Number of protein chains: 2
Amino acid sequence: MKKIDILKKLRSSKLRPTKQRVEIAKFLFEREKTFHFTVESLNKLLLKKSISKIALATIYNTVHAFKAAGHLSEVEVRGNKTYFDTNVSNHHHFYDSENSELIDIDANEIVIQKIPKAPNGKKIKNVEVFINLKN
Amino acid sequence: MKKIDILKKLRSSKLRPTKQRVEIAKFLFEREKTFHFTVESLNKLLLKKSISKIALATIYNTVHAFKAAGHLSEVEVRGNKTYFDTNVSNHHHFYDSENSELIDIDANEIVIQKIPKAPNGKKIKNVEVFINLKN
DNA sequence: TTTCACTTTAGAATAATTATAAACTAGATT
DNA sequence: AATCTAGTTTATAATTATTCTAAAGTGAAA
Ligand SMILES: [Mn+2]
Ligand SMILES: [Mn+2]
Ligand SMILES: [Zn+2]
Ligand SMILES: [Zn+2]
């Protein structure tokens with residue numbers, strides 16, 4: 001992913017490309033594979049990688065703006081912290097509770113044969129499958 | 001469910017049947033249908049229903065003991081609060097984000113045809129399906 | 001009854017997140 | 001280029017959910 005794409009992500013998230021936001025965006029989006037993280041883990045990784053330390057509030061704000069713009073998704077994981085995901089396509093997860101690790105499962109790797117119909121006036125928005133792992 | 005069963009649940013959770021715990025247990029387990037709740041919602045409902053007010057710490061402790069004993073399960077729901085479930089069998093959920101409501105789906109109402117194999121040395125513990133609803 | 005380990009409880013402590021408001025800055029305007 | 005201003009960053013406070021603490025209370029065994 002090129003710098004121009006980082007700027008696009010920022011602009012489409014209604015964020016001016018400041019030093020901090022570009023650093024966060026590059027860290028999140030300039031990678032091959034999906035990245036699952038919490039604000040805490042992201043903060044720690046940014047501290048190691050970055051020259052300047054970025055305030056937690058800035059990380060929260062930026063991550064939430066990316067989420068609102070659809071550049072990040074939120075994943076439900078057991079525990080009290082909020083997990084984010086750079087993979088915003090419809091997909092599923094393995095969850096390894098030993099080390100609280102999420103692993104992507106491509107949507108076409110799971111086929112559901114039978115599914116109940118939505119209650120009363122409701123419709124199905126999407127289906128998420130979690131495969132919990134053990135050793 | 002009879003009173004004797006309530007006492008069994010308490011004893012098997014290594015809890016003495018005190019006034020508070022019996023009240024909580026009866027409220028949770030003497031019902032026909034699954035009950036999904038947070039500690040906060042349970043507390044509010046107990047305040048309405050009960051004569052005496054039970055300390056939050058007691059509710060937390062009791063709910064956690066029931067969970068540890070396998071009489072309650074925890075459900076992952078978007079948001080920061082922890083959701084509990086009186087249905088401890090293997091089952092799935094509709095999630096209606098409009099009103100943060102969970103609806104049970106019996107395990108045999110969902111059939112998965114294709115599923116990826118677990119990574120490296122891991123095994124599949126269980127599979128949870130969430131069907132998110134919209135209007 | 002007396003005893004004592006177990007309980008309850010109010011309040012303090014912790015952890016994640018959000019709000020605040022003062023200092024700072026990107027980028028538009030002159 | 002200097003000025004202006006809306007948007008931004010930051011430290012810190014506030015909030016929320018949960019857990020801890022330690023003092024006062026209680027069930028039931030002896
Ligand atoms: Mn969670
Ligand atoms: Mn949750
Ligand atoms: Zn993912
Ligand atoms: Zn359920």
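Bear in mind the structure is a predicted one, so any value in this text is a computation, not a measurement. Every chain is numbered from 1, with letters handed out A, B, ... down the list of sequences.
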Exercise for the section: Check the side chains of N135(A) and K122(B) for a donor-acceptor pair under 3.5 angstrom, ignoring hydrogens and angles. Expected result: yes
May I have the distance from [X] (atom [atom1]) to [N] (atom [atom2]), rounded to whole angstrom?
X      : N       : atom1 : atom2 : value
I59(B) : dA17(D) : CD1   : P     : 14 Å
R21(B) : dT8(C)  : CZ    : C1'   : 9 Å
N61(B) : dT21(D) : CG    : C1'   : 12 Å
K53(B) : dT8(C)  : NZ    : P     : 13 Å
L42(B) : dA17(D) : CG    : P     : 15 Å
L47(B) : dT9(C)  : CG    : P     : 11 Å
I54(A) : dA11(D) : CD1   : C1'   : 15 Å
I24(A) : dT8(D)  : CD1   : P     : 13 Å

Completion exercise
Distance col, row I6(B):CD1 vs E30(B):CD, nearest 0.5 angstrom, shows 4.5 Å
Handout entry: Nearest-0.5 Å distance that lies between atom CG in L15(A) and atom NE2 in H71(A)
Key = 9.0 Å
Handout entry: Criterion side-chain contact (heavy atoms from CB on, under 4.5 Å) on R21(A) and F66(A), from CA distance to verdict
Key = CA-CA 10 Å; R21(A) 286 166 175 173; F66(A) 284 145; 5.9 Å; no
Problem - Worked check of side chain to side chain donor-acceptor pair (under 3.5 Å) between D85(B) and N87(B) - result: CA-CA 5 Å; D85(B) 191 338; N87(B) 184 348; 5.1 Å; no
Completion exercise
Double-helix bend of the helix from dT1(C)-dA30(D) to dT30(C)-dA1(D), axes at both ends from 5 pairs, round to 10°, gives 10°
Problem - E128(A) vs R78(B), salt bridge (charged side-chain N to carboxylate O under 4.0 Å, His left out): CA-CA, chis, key distance, verdict - result: CA-CA 12 Å; E128(A) 285 182 87; R78(B) 226 142 287 244; 3.0 Å; yes
Practice task
Test the K49(B)-F27(B) pair against the cation-pi criterion, namely NZ or CZ under 6.0 angstrom from the six-membered ring centroid and within 45° of the ring axis.
Solution key: no
Exercise for the section: Assess K9(B) against F29(B): is NZ or CZ under 6.0 Å from the centre of the six-membered ring, and within 45 degrees of the ring's axis? Expected result: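 Verdict for F29(B): a cation-pi partner in K9(B).
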Problem - Side chain to side chain, T62(A) and Q20(A), heavy atoms closer than 4.5 Å - result: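 No, their side chains stay 4.5 Å or more apart.
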Practice task
Look at the side-chain N and O atoms of Q20(A) and state whether any lies under 4.0 Å from the OP1 or OP2 oxygen of dT10(D).
Solution key: yes
Fill in the blank from the handout: Going 5' to 3' through nucleotides 19-30 of chain C and flagging B where a protein heavy-atom sits under 4.0 Å of the base, S where only the sugar-phosphate is that close, and - otherwise, we get B------BS---
Problem - Main-chain N/O of A57(A) paired with N61(A) side-chain donor or acceptor, under 3.5 Å - result: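 Judged by distance alone, yes, a pair lies under 3.5 Å.
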Can you tabulate the close N/O pairs, meaning under 3.5 Å, that link protein atoms to atoms of nucleotides 12-17 of chain C?
residue: dT17(C); atom: OP1; partner: T82(A); partner atom: N; Å: 2.8
residue: dT17(C); atom: OP1; partner: T82(A); partner atom: OG1; Å: 2.8
residue: dT17(C); atom: OP2; partner: Y60(A); partner atom: OH; Å: 2.7
residue: dT17(C); atom: O5'; partner: Y60(A); partner atom: OH; Å: 3.2

Practice task
Among L133(B), I103(B), L102(B), find the one that has a side chain to side chain contact (heavy atoms under 4.5 Å, CB included) with Y95(B).
Solution key: L102(B)
